[in-house]
Amino acid sequence: MSETVLREAIVRFGRSMFERGLTFGSSGNISARLDSGWLMTPTNVALDRLDPVRLSKLDDDGQLLTGDAPTKESFLHIAMYRERATAKAVVHLHSTYSVAVSCLADVDAADVLPPVTAYYVMRVGSLPLVPYHPPGDLELAEAVRKLAGRHHAVLLANHGPIVAGDSLEAAVNAIEELEETAKLFLLLRQEKTRFLTPEQVAEVRRRYPTT
Ligand SMILES: [Zn+2]
């Protein structure tokens, strides 16, 4: 995919996620890998108002080459890419239901959400919780980096999800699946629920290995 097409795709996915309430204000950010370096959404811009020519272009060291200053959370994206050689895109949202789940006291930090549906197992797989750190804390990037080699999706406690994909579309689809699963999980919390069994999860994983 050429850089021009990739810039337009970031703008299109950003607007789509904003218009459907997956992100709001100037929260949320998107990045995509280039042959060398990355494109990233700029700081303080709502995802429905991105301008393709003003996206931040960073070199392999994360230094700004062209465009506006990148999101202050660029270090989280770079931590994911450093551990995942095949990742082509990373999406991070403060989407409501995922953030709600990230605040729950009694969850399994090794895998926060149960296997509610086969699509969740296929697109997300497992979801570790990254301990809380204040915004901008570089230790948060280190905590993400430690998990990113084994997980393409992680949930930052009291903050939100960050998901890598082998294409921009795959990363967006996975984070949307995660958000809908968080919503279902919260809807079902008071109900007696039948989640997928370990055998059913194993069968889905055999048929559709996750990245
Ligand atoms: Zn954030």
Side-chain angles (χ1 to χ4, degrees), residues 10-11 13-33 38-50 54-56 58 62 64 67-84 87-105 107 109 112-113 123-124 126-148 151-165 168 170-183 185-186:
I10 289 171
V11 171
F13 280 116
R15 185 181 302 122
S16 168
M17 288 193 290
F18 188 98
E19 287 176 347
R20 288 178 295 124
L22 287 155
T23 184
F24 46 86
S26 61
S27 74
N29 29 76
I30 304 170
S31 65
R33 192 195 288 273
W38 301 277
L39 288 173
M40 233 167 261
T41 50
T43 185
N44 291 328
V45 182
L47 291 189
D48 68 334
R49 287 175 218 163
L50 296 170
R54 292 179 64 177
L55 294 177
S56 317
L58 309 185
L64 183 65
D68 292 345
T71 166
K72 293 184 195 74
E73 296 181 306
S74 61
F75 65 100
L76 295 179
H77 292 245
I78 291 172
M80 281 298 246
Y81 288 115
R82 294 272 188 244
E83 294 298 310
R84 302 192 69 81
K88 292 285 197 293
V90 172
V91 181
H92 167 57
L93 298 175
H94 300 172
S95 46
T96 308
Y97 293 96
S98 300
V99 176
V101 166
S102 84
C103 302
L104 294 177
V107 291
V112 181
L113 287 170
R123 292 198 170 127
V124 179
S126 59
L127 184 71
L129 187 70
V130 180
Y132 175 78
H133 292 75
D137 189 337
L138 290 181
E139 284 182 24
L140 180 57
E142 180 57 21
V144 168
R145 198 187 60 71
K146 278 186 191 149
L147 292 165
H151 301 276
H152 71 287
V154 301
L155 185 61
L156 313 179
N158 301 76
H159 184 162
I162 178 160
V163 177
L168 181 54
V172 169
N173 284 344
I175 205 164
E176 292 194 12
E177 191 72 38
L178 198 168
E179 174 68 2
E180 290 306 307
T181 303
K183 185 176 179 179
F185 174 66
L186 293 170

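None of these values were measured; they are calculated from a predicted model. Numbering of ligands and ligand atoms starts at 1, following listing order.
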(message) Applying ring pair (Phe, Tyr, Trp, His ring centres under 6.0 Å), can you list everything that pairs with Tyr81, at least two apart in sequence or on another chain?
(response) Trp38
(request) Return the minimal non-hydrogen interatomic distance between Ala171 and Gly165, and the atom names on each side. (result) CB-N, 3.7 Å
(message) Only N/O/S atoms count here: what is the atom of His94 closest to the Zn ion (ligand 1) called?
(response) NE2
(request) Return the set of residues passing ring pair (Phe, Tyr, Trp, His ring centres under 6.0 Å) with His159 (not counting sequence neighbours), or none when no residue passes. (result) His92, His94
(message) Return the CG to OG distance between Leu147 and Ser126, rounded to the nearest 0.5 Å.
(response) 9.5 Å
(message) Restricting to N, O or S, what is the name of the atom of Glu73 that lies nearest the Zn ion (ligand 1)?
(response) OE2
(request) Among the N/O/S atoms of His92, select the one at the shortest distance from the Zn ion (ligand 1) and name it. (result) NE2
